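Scroll down for the structure; my scribbles are underneath it.
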Amino acid sequence: MKKLIFAALLLSAIGASAQQDTLKYRINLTDKAVTDYALDRPEEFLSKKAIERRQKQGLAIDSTDLPVCRKYVDAIRKKGVKIVITGKWDNFVTVSCNDTTLIDKIAQLPFVRTTEKVWTAPDPEQPAMATKRDSLINTPLWIEEVYGPARRQIEISNGNKLHDAGFKGQGMTIAVIDAGFHNADSIAAMRNIRVLGVKDFVNPDADIYAESSHGMSVLSCIGMNQPHVMVGTAPEASFWLVRSEDEYSEPLVEQDYRYCDLDGKFALMSRQAAKAADKGMVIVCSAGNAGSGSWKKTTPPGDAENVLTVGAINKQGVLAPFSSIGNTADGRVKPDVMAVGLGSDVMGT
């Protein structure tokens, strides 16, 4: 009997430890006063590639580049929460837990400025990830046109002129951030796209190639490199495939905004996109898909400063009804450019 009781307690403990956290909070910090790093030693906290990019563009390395203070992170962890991620540019720590009283304790730490809930677990009865893929017909059509069916959507943005001048994305690394890349690893015509790696920020246990096909479509518009089947806008670039969109729920991280919030500074994602641009990266983002609804306006991070916000048109150059419109709350023109996003030719599954 004692053995049975012990086994039951052990299984109960294992189950409790394996329970998924249902809440995530962003802990905004006051400073980086106890950092282990120094700005005159950037090689300790920035990659060689990042440093070279700054030098090439004449961009200074400043305090926002310093990592979040390790002592602060450790102190927060000791309160009983899990560290999800740290954000050095806006100086925050995102944590997960099941107990809101832990956040109350964290809020009392002297280096914590504010705390805010950013995610609540969806209904456990709802699916959390894809469990199967669509079947494939790997018989791409060969046509006489070198660009395949993509000729018009590239010409309308003058991409063909860049190609003629020798600019095909060579030496560039592009992160495609989307909701999933369904079958992108199995479509024969896409196998020569240079994929450096994948990262799923929504559910690390999910198969990024089984989720939404939207990212696969976007990747094919950019990276396809099969003459007479389809050639994309940057066929010689290298790619990271990143999943950030949770299509199974609408958590707080995808909150609603007011028009006055569209100033490029209110939404965290807009601030982060603008900061990435300030660090020398080219940030391209969608204007949004709210054009047909009552909202209509560009959605974050499309309101961010110094990012290239793209609206959608059809192949005749007519605005797609769903494409969001500007201006921003502070009067800037958005979107910045338009590209074919309605009736686009993409690789199919």
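These numbers were taken from a predicted model, which means no experiment stands behind them.
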Check the side chains of [Y] and [X] for a donor-acceptor pair under 3.5 angstrom, ignoring hydrogens and angles.
X	Y	result
S324	K334	no
D278	N306	yes
D303	T298	no

Side-chain contact test, heavy atoms from C-beta onward, threshold under 4.5 Å: evaluate it for V93 versus Y72 and give yes or no.
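The answer is no; the side chains never approach within 4.5 Å.
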
Sub-4.5 Å side-chain heavy-atom contact between K79 and C97:
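No, too far: nothing below the 4.5 Å cut-off.
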
Can you classify the ring geometry of Y257 versus F266 as parallel (below 30°), tilted (30 to 60°) or perpendicular (above 60°)?
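Answer is perpendicular, since the angle exceeds 60°.
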
Is [Y] paired with [X] through a side-chain N to carboxylate O contact shorter than 4.0 Å?
X	Y	answer
K275	D90	no
K71	D74	no
R258	D261	yes
D65	K32	no

Between [atom1] of [X] and [atom2] of [Y], what distance do you get to the nearest 0.5 Å?
X	Y	atom1	atom2	result
W240	R194	CH2	CZ	16.0 Å
H182	R133	NE2	CZ	7.0 Å
F45	T35	CZ	OG1	8.0 Å
I177	S244	CD1	OG	6.0 Å

